[in-house]
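What follows is a single structure, written as structure tokens, with notes after it.
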Amino acid sequence: MTWIIDAVRNAGPLPAYLIISALVFAEDAFFIGFILPGETAAVLGGVLASQHHLQLWLVLVFVIAAAIGGDTAGYQIGRRFGSRILEISLLQKRRAGLDRARDLLARKGGSAVFLGRFTAFFRAVMPALAGLSHMPYRRFLAFNIAGGATWGAAVVLAGYFAGSAYLTAAKTFGPTATIALLAALTAAAAAWYVRKRSKAKPPGGPKQHLRPPRIARHGGTT
């Protein structure tokens with residue numbers, strides 16, 4: 001992650017926009033959000049905007065568009081390949097997290113797409129799970145747009161308004177460590193919000209909106 005932060009910080013404006021957008025898009029479309037979280041790139045974009053290296057409105061546009069586009073690509077991949085994507089070794093190694101994501105989707109339906117946007121692992125897998133569960137695309141798109149816009153604005157503005165604090169902390173901890181810390185704090189706050197919302201029961205008890213395929217104990221699907 002260090003080299004990515006350095007690459008964005010040292011790049012010109014156009015390459016910086018493109019790198020940030022690519023990371024945000026890829027984490028949702030290709031299941032790498034828990035390895036290379038786009039959240040860090042989005043926070044960094046906000047910090048650079050506060051220092052007048054980038055335009056804030058352009059960072060917001062690029063990040064939000066990439067977030068919505070990445071989720072859409074992930075949904076289509078899940079719709080196209082179905083339960084076969086659950087057999088990817090990268091996901092099999094994170095069975096517990098995958099089970100939690102499937103449970104949230106089953107209980108919350110479309111709301112899980114919105115809530116999943118605020119946790120790195122859920123952000124990476126939720127669009128594909130919605131696709132393979134055959135959630136109607138219009139329903140998915142509505143929550144995708146809401147989640148992408150809310151998340152994108154929140155993380156970019158978090159970096160932007162932390163800009164002055166970043167300058168002070170960077171002198172002590174270094175710029176790369178400071179960006180990583182800001183991203184970690186943002187992610188922790190988002191994770192707390194998701195846990196709180198995911199435990200909330202709707203009136204009348206939990207409802208089973210969707211039933212994604214169950215993963216068998218031996219690694220296959222049923």
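Along the sequence shown, the residues carry numbers beginning at 1.
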Is a salt bridge present between Asp99 and Arg95, judged by a nitrogen-to-oxygen distance below 4.0 Å?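 No salt bridge links Asp99 with Arg95.
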Roughly how far, to the nearest 0.5 Å, is CG of Leu132 from CZ of Arg102?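 The CZ atom of Arg102 sits 8.5 Å away from the CG atom of Leu132.
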Let me confirm one number: the CE-CG distance from Met126 to Leu98, rounded to the nearest 0.5 Å.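 These two atoms lie 9.5 Å from each other.
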Over all atoms of both residues, closest heavy-atom pair of [X] and [Y]:
| X | Y | result |
| --- | --- | --- |
| Ala49 | Val59 | CB-CG2, 4.5 Å |
| Ala16 | Ala11 | N-CB, 4.1 Å |
| Ala130 | Val113 | CB-CG2, 4.3 Å |
| Leu60 | Ala153 | CD2-CA, 3.8 Å |
| Phe25 | Ala73 | CZ-CB, 3.9 Å |
| His53 | Pro13 | O-CG, 4.1 Å |

Are the aromatic ring centres of Phe118 and Phe114 under 6.0 angstrom apart?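 Yes.
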Student check: side-chain heavy atoms of [X] and [Y] closer than 4.5 Å:
| X | Y | value |
| --- | --- | --- |
| Val24 | Ile64 | no |
| Glu39 | Trp151 | yes |
| Leu104 | Phe122 | yes |
| Ser111 | Phe143 | yes |

Might you work through the side chain to side chain contact (heavy atoms under 4.5 Å, CB included) test for Leu129 and Leu86, ending with a clear yes or no? CA-CA 9 Å; Leu129 291 177; Leu86 300 178; 3.8 Å; yes
Give the C-alpha distance, both sets of side-chain angles, the deciding distance and a yes or no for side chain to side chain contact (heavy atoms under 4.5 Å, CB included) between Leu44 and Ile20. CA-CA 8 Å; Leu44 177 56; Ile20 292 170; 5.6 Å; no
Main-chain N/O of Ala124 paired with Glu27 side-chain donor or acceptor, under 3.5 Å: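 The answer is no, because no donor-acceptor pair under 3.5 Å joins these two groups.
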For Leu18, is there any backbone N or O sitting under 3.5 Å from a side-chain donor or acceptor partner on Ser21?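 No, because the side chain of Ser21 does not come within donor-acceptor range (under 3.5 Å) of the backbone of Leu18.
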Output, in order, the C-alpha distance, side-chain angles, deciding distance and verdict of side chain to side chain contact (heavy atoms under 4.5 Å, CB included) for Leu105 and Met135. CA-CA 10 Å; Leu105 183 63; Met135 178 184 291; 3.8 Å; yes
Quick one, Asp28 with Thr72, criterion side chain to side chain contact (heavy atoms under 4.5 Å, CB included). Give me CA distance, side-chain angles, the key distance, then yes/no. CA-CA 8 Å; Asp28 306 333; Thr72 298; over 6 Å; no
Could you note down all residue pairs passing ring-ring contact (aromatic ring centres under 6.0 Å, His included) where residues 92-111 supplies at least one of them, sequence neighbours left out?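 As it turns out, there is no ring-ring contact (aromatic ring centres under 6.0 Å, His included) pair with a partner in residues 92-111 once direct neighbours are skipped.
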Does any pair with a residue in residues 59-108 pass ring-ring contact (aromatic ring centres under 6.0 Å, His included), and if so which ones, sequence neighbours excluded?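 Non-adjacent pairs meeting ring-ring contact (aromatic ring centres under 6.0 Å, His included): Tyr17-Phe62, Tyr75-Tyr137, Tyr75-Phe140.
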Only one of Asn144, Thr150, Asp71 forms a side chain to side chain donor-acceptor pair (under 3.5 Å) with Arg117, so which one is it?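 With Arg117 as partner, side chain to side chain donor-acceptor pair (under 3.5 Å) holds for just one option, Asp71.
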Assigning hydrophobic clusters by single linkage (Ile, Leu, Val, Met, Phe, Trp, Tyr; side-chain heavy-atom cutoff under 4.5 Å), is Leu14 placed with Val63?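 No, no single cluster joins them.
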